[in-house]
Undergrad: 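I'd like to ask some things about the structure below.
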Amino acid sequence: MTEVFLKALIKGDSKVISKIYKTTFLSVQKFILQNKGNEQDSEDIFQKALLQIVVRYKREKFEITSSFEAYLFTVCKNLWRRELNSYRKRVTNTEVIELKSDYRDNSLALVEQKRQELFIEKLNEISDNCRNILTLFFAKTSYADIVENTEYNSESVVRQRVFKCKKKLTDLIKKDVRYNSLKEL
């Protein structure tokens, strides 16, 4: 189904694009409204995300491993967070107001998306145990709660395991050929 959505976006198939809106837009709108945005913001971000996906797919045929809806929602979330961060910088810095071009903003969002994809890919390559521990850790679960939900018997053991798993994940990411092109801008 993902391939169908991607090809429909490129062709401008209004029926399929309408279906994409029906399945995903409301959740994107809800997220943006809950995070200091308004309806216009959600429409703009949704459009930018669709455009970003189309441009990227035309440039490089990539594969979406999750559902298209989940991928689109993540792209929208990343774009909205970037928008909030740039707005905060413009408001808090009264001496220099740097208005970013849409091209640069979209490029940065694309790099951010590729970083996230690399991270998820490498997270799926480590052991189930490490993936479970890191998923709990990244979800900001306390060490005490991790001890309760796993076979580990102390917080210090969990800390050590988190450290070792993060090291394994970091090493895998750094060994990937894409790492150098994504680490800095």
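Residue indices begin at 1 and follow the sequence shown.
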Undergrad: To the nearest 0.5 angstrom, please state how far the OG1 atom of Thr65 sits from the CD1 atom of Ile120.
TA: 7.0 Å
Undergrad: According to the interplanar angle, ranging from 0 to 90°, do the rings of Phe31 and Phe73 count as parallel (below 30°), tilted (30 to 60°) or perpendicular (above 60°)?
TA: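 Geometry flag for Phe73 against Phe31: perpendicular rings.
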Undergrad: Who pairs with Asn124 by side-chain hydrogen bond (donor to acceptor under 3.5 Å, both in side chains), at least two apart in sequence or on another chain?
TA: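 With sequence neighbours excluded, Asn124 shows a side-chain hydrogen bond (donor to acceptor under 3.5 Å, both in side chains) to no residue whatsoever.
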Undergrad: Identify the heavy atoms of Tyr71 and Ser66 that sit nearest to each other, and give their distance.
TA: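 Scanning both residues, the minimum pair turns out to be N-OG, 3.8 Å.
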Undergrad: Among Val16, Leu50, Leu72, which one satisfies side-chain contact (heavy atoms from CB on, under 4.5 Å) with Phe5?
TA: Val16
Undergrad: Rounded to the nearest 0.5 Å, what separation is found between the CD atom of Gln52 and the OH atom of Tyr57?
TA: 16.0 Å
Undergrad: Looking at Lys175 and Glu125, is there a salt bridge between them, counting it only when a charged N and a carboxylate O are closer than 4.0 Å?
TA: no
Undergrad: Indicate if Val54 and Val75 have the same hydrophobic cluster label, given that clusters are the connected sets of ILVMFWY residues with side-chain heavy-atom separations under 4.5 angstrom.
TA: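 Yes, because Val54 and Val75 connect within a single hydrophobic cluster, where side-chain heavy atoms sit under 4.5 Å apart.
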Undergrad: Which heavy-atom pair separates Val147 from Asn153 by the least distance, and what is that distance?
TA: CG1-C, 4.1 Å
Undergrad: What closest approach, in Å, do Glu43 and Phe25 show between heavy atoms, and which atom pair accounts for it?
TA: CG-CZ, 3.8 Å
Undergrad: For residues 18-27, which residue pairs qualify under side-chain hydrogen bond (donor to acceptor under 3.5 Å, both in side chains), counting only residues two or more places apart or in two chains?
TA: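 Listed by first then second residue: Tyr21-Gln47.
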Undergrad: List the steps, then state whether side-chain contact (heavy atoms from CB on, under 4.5 Å) holds for Val28 with Trp80.
TA: CA-CA 10 Å; Val28 169; Trp80 181 243; over 6 Å; no
Undergrad: How many angstroms lie between atom OG1 of Thr74 and atom CD of Glu117, to the nearest 0.5 angstrom?
TA: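 Spacing of OG1 (Thr74) from CD (Glu117) equals 9.5 Å.
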Undergrad: About how many Å separate CD1 of Ile20 and CG of Asp13, when rounded to the nearest 0.5 Å?
TA: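 Reported to 0.5 Å precision, the distance equals 9.0 Å.
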Undergrad: Report yes if some heavy atom in the side chain of Asn132 is under 4.5 Å from a heavy atom in the side chain of Asp128; otherwise report no.
TA: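 No; the side chains remain at least 4.5 Å from each other.
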Undergrad: Do other residues, nucleotides or ligands put more than 12 heavy atoms under 6.0 Å from Glu63 CD?
TA: no
Undergrad: Atom CG of Leu79 and atom CG of Asp44: how far apart are they, to the nearest 0.5 Å?
TA: 11.0 Å
Undergrad: Hydrophobic clustering (ILVMFWY, side-chain heavy atoms < 4.5 Å, transitive) - are Leu169 and Phe163 grouped together?
TA: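 No, it is not one cluster - the side chains of Phe163 and Leu169 are not joined through contacts under 4.5 Å.
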Undergrad: State which residues pass side-chain hydrogen bond (donor to acceptor under 3.5 Å, both in side chains) with Arg178; sequence neighbours excluded, sorted by chain then number.
TA: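 By the side-chain hydrogen bond (donor to acceptor under 3.5 Å, both in side chains) rule, Arg178 matches Glu121, Asp176.
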Undergrad: Of all the heavy-atom pairs spanning Ile32 and Asn38, show the shortest one and how long it is.
TA: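 Answer, listing the atom of Ile32 first, then Asn38: CG2-O, 4.1 Å.
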Undergrad: Identify, with sequence neighbours excluded, every residue that meets side-chain hydrogen bond (donor to acceptor under 3.5 Å, both in side chains) alongside Gln29.
TA: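 Residues passing side-chain hydrogen bond (donor to acceptor under 3.5 Å, both in side chains) with Gln29: none at all.
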Undergrad: What do the steps show when you test Lys122 against Ile126 for side-chain contact (heavy atoms from CB on, under 4.5 Å), and what is the final call?
TA: CA-CA 7 Å; Lys122 297 305 172 187; Ile126 61 177; over 6 Å; no
Undergrad: Applying side-chain hydrogen bond (donor to acceptor under 3.5 Å, both in side chains), which residue pairs with at least one partner in residues 154-169 are found, sequence neighbours left out?
TA: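 Qualifying pairs: Asn129-Arg161, Tyr152-Arg161, Ser154-Ser156, Lys167-Asp171.
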Undergrad: Quick one: which residue pairs count as a ring-ring contact (aromatic ring centres under 6.0 Å, His included) with a foot in residues 116-151, not counting sequence neighbours?
TA: Phe119-Phe138
Undergrad: Under 4.5 Å between any side-chain heavy atoms of Arg82 and Lys48, yes or no?
TA: no
Undergrad: For the CG atom of Leu84 and the CG atom of Asp41, what is their distance to the nearest 0.5 Å?
TA: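 The distance works out to 8.5 Å.
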Undergrad: Show the numbers, then the answer: is there a side-chain contact (heavy atoms from CB on, under 4.5 Å) between Leu136 and Val158?
TA: CA-CA 11 Å; Leu136 292 168; Val158 170; over 6 Å; no
Undergrad: With hydrophobic residues grouped by side-chain heavy-atom distances under 4.5 Å, do Leu33 and Ile45 end up in a single group?
TA: no
